[in-house]
Amino acid sequence: MERIFAVPLKGGAVTDVYMLSSMDELSGKLQEYDRSIFISDENASKLVERIPEGAVIIPPGERMKGWDSVSRMLSGALELSLARDGVFIGFGGGVVLDLAAFASSVYMRGARLVLIPTTLLSMVDATLGGKTGFDYKGIKNLVGTFYPAEAVLIVPETLRTLPDSEFRSGLGEVVKHALLSEDTRLWKFLKENHDRIMARDSEALSEMIRLSLEVKIWYITRDPEEKKGIRSALNLGHTFGHALESVNGFSISHGEGVAWGMHMALRAGTALGITPENFREQAFSLLSLYGFDCRYPIPDDGFPAFMKAIHSDKKKKGGSVKFVLMEGQGRPVLTALDDAVVRNAVAGFN
Ligand SMILES: NC(=O)c1ccc[n+]([C@@H]2O[C@H](COP(=O)([O-])OP(=O)(O)OC[C@H]3O[C@@H](n4cnc5c(N)ncnc54)[C@H](O)[C@@H]3O)[C@@H](O)[C@H]2O)c1
């Protein structure tokens, strides 16, 4: 087991990130947490040989990301008589981890928290940064806290059982990190190791995750509470992507939406003279290498619904929606866009 990062947090706390080579190694590490509650879902928990006593295992899926699940976790902790020094261990994808982290943040005003991500998206995106929460009255992540984990344990081997669509969803975020990094290592690694990554070779995944996390850490440590606009760069592709997801009735995955959205942001950037055309082309070619279809146009009659979805994006601030555009690799800029620029970006391919 190797500690790959010690991420500094507000108030001098640190999240230690460990890379583990196998589930056996994880079992050994978990022995250290004797006063704990294990939280997972019905899919992820299949990866564990022996589910700890008193564990809370919820059905899978975003629809479970609500107060009832949190309540089950708090009741479970109480039944185990956990005190404030007890550990909430989240084992699963972003849904399980956001819920477990929220529950731990409010249990006795804050219990200990260890996160074990088992989807690519949660490994590269959902475990660092301290965002916790659940959906309320149909609004995603309406209720939440900032509460970073004391440790994040990553076992790339767990990705072997992940469905392809979920794996690709995570890859969309990895490509996003490559675009957002001034350092070219992740981009180069993705270009040169496509086959190993797609074959889910643990060593290749481990390196890809490490490089991807480096980028996320760079952004979150400069803006831990998302107050300076730096961390907002991590929303690259998200405003366009969420709108596409919503007009498609959420039938496309989050990663597909983000990949498409990144390309739309690059197209809008080139139209405005912000993004160099050769950078857009290189990014497009990386997205295509990983099989993302980024040429899907919004038809004219779908545009009003698309714009409605854009304007209801929760990142709306002060009445206008800020888009993340790119001046080049690792150089994001936040800007409002006229509807006409958005329309030209999402229509008129070829
Ligand atoms: N806190 C943050 O900073 C942050 C960042 C990004 C996303 N999120 C949240 O993460 C959630 C999405 O996370 P996700 O994409 O991991 O989805 P998810 O948690 O729903 O997992 C996707 C599916 O994969 C299954 N699964 C998980 N691990 C598996 C494995 N190893 N093998 C087989 N199946 C497995 C799950 O049961 C589920 O069916 C959203 O709710 C989003 O809001 C949070």
Side-chain angles (χ1 to χ4, degrees), residues 7 9 15 20 22-23 26 39-48 57-66 69-70 90-105 113 115-136 138-149 152-174 176-177 200 202 205 209 212-213 215-217 219-220 223-226 231-232 234-238 241-242 245 250 252-258 314-315:
V7 186
L9 309 161
T15 294
L20 289 83
S22 66
M23 282 300 287
L26 178 68
I39 294 167
S40 188
D41 74 14
E42 287 161 6
N43 293 330
S45 60
K46 287 187 192 135
L47 292 159
V48 182
I57 310 293
I58 59 170
E62 184 74 27
R63 75 198 156 87
M64 294 310 294
K65 203 171 160 187
S69 299
V70 174
F91 181 90
V95 168
V96 164
L97 303 185
D98 277 7
L99 286 166
F102 179 81
S104 94
S105 76
L113 174 66
L115 296 178
I116 309 166
T118 64
T119 62
L120 182 55
L121 183 108
S122 58
M123 287 179 190
V124 299
D125 198 17
T127 47
L128 282 185
K131 287 188 187 175
T132 86
F134 61 91
D135 309 337
Y136 189 68
I139 303 172
K140 214 165 137 58
N141 300 324
L142 183 81
V143 183
T145 53
F146 271 102
Y147 197 71
V152 170
L153 312 177
I154 299 176
V155 193
E157 182 189 292
T158 57
L159 296 179
R160 284 198 198 135
T161 53
L162 194 66
D164 283 346
S165 60
E166 300 295 345
F167 187 67
R168 284 171 50 71
S169 194
L171 281 174
E173 296 290 341
V174 175
K176 181 193 81 181
H177 287 161
R200 307 203 194 171
S202 286
L205 293 178
I209 293 162
S212 192
L213 279 176
V215 182
K216 172 130 187 183
I217 291 168
Y219 281 95
I220 59 178
D223 187 10
E225 290 185 67
E226 218 168 1
R231 188 168 171 169
S232 313
L234 293 167
N235 291 325
L236 172 63
H238 283 62
H242 285 159
E245 284 174 63
F250 295 93
I252 57 159
S253 82
H254 176 73
E256 302 276 354
V258 169
K314 70 174 181 332
K315 285 163 208 81

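Start at 1 and go down the list; that is how both ligands and their atoms are numbered. Numbering starts at 1 and runs along the sequence shown.
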Exercise. Using a strict cut-off of less than 4.0 Å between a Lys/Arg side-chain nitrogen and an Asp/Glu carboxylate oxygen, indicate whether Lys65 and Asp98 qualify as a salt bridge.
Key: yes
Exercise. Can you sort out which atoms of ligand 1 are near Thr161, meaning under 4.0 Å from one of its heavy atoms?
Key: 30 (C), 31 (N), 32 (N), 33 (C)
Quiz prompt | Which of the ligand 1 atoms, numbered from 1, are nearer than 4.0 Å to a heavy atom of Asn141 | solution = 43 (O)
Self-check item: Those atoms of ligand 1 less than 4.0 Å from some heavy atom in Asp41
Solution: 36 (C), 37 (O)
Quiz item: Is it the case that Glu173 and His238 place a side-chain donor and acceptor less than 3.5 Å from each other?
Solution: yes
Quiz item: Any N/O of Val95 closer than 3.5 Å to an N/O of ligand 1?
Solution: yes
Quiz prompt | Interfacing atoms of ligand 1 (cut-off 4.0 Å, heavy-atom, Leu121) | solution = 7 (C), 12 (C), 13 (O), 14 (P), 15 (O)
Quiz item: Ser165 and Ser253: side-chain donor and acceptor closer than 3.5 Å?
Solution: no
Exercise. Indicate the ring-plane relationship of Phe134 and Phe102, choosing parallel, tilted or perpendicular according to the 30° and 60° boundaries.
Key: perpendicular
Self-check item: Under 3.5 Å: N/O of Ser122 near N/O of ligand 1
Solution: no
Self-check item: Atoms in ligand 1 with a heavy atom of Leu47 nearer than 4.0 Å
Solution: 30 (C), 31 (N)
Quiz item: Without hydrogens or angle criteria, can the side chains of Ser40 and Ser45 be said to hold a donor-acceptor pair below 3.5 Å?
Solution: no
Quiz item: So, Ser212 versus His177: side-chain donor-acceptor pair below 3.5 Å or not?
Solution: yes
Exercise. Flag Leu128 as yes when one of its N or O atoms lies below 3.5 Å from any N or O atom of ligand 1, and as no otherwise.
Key: no
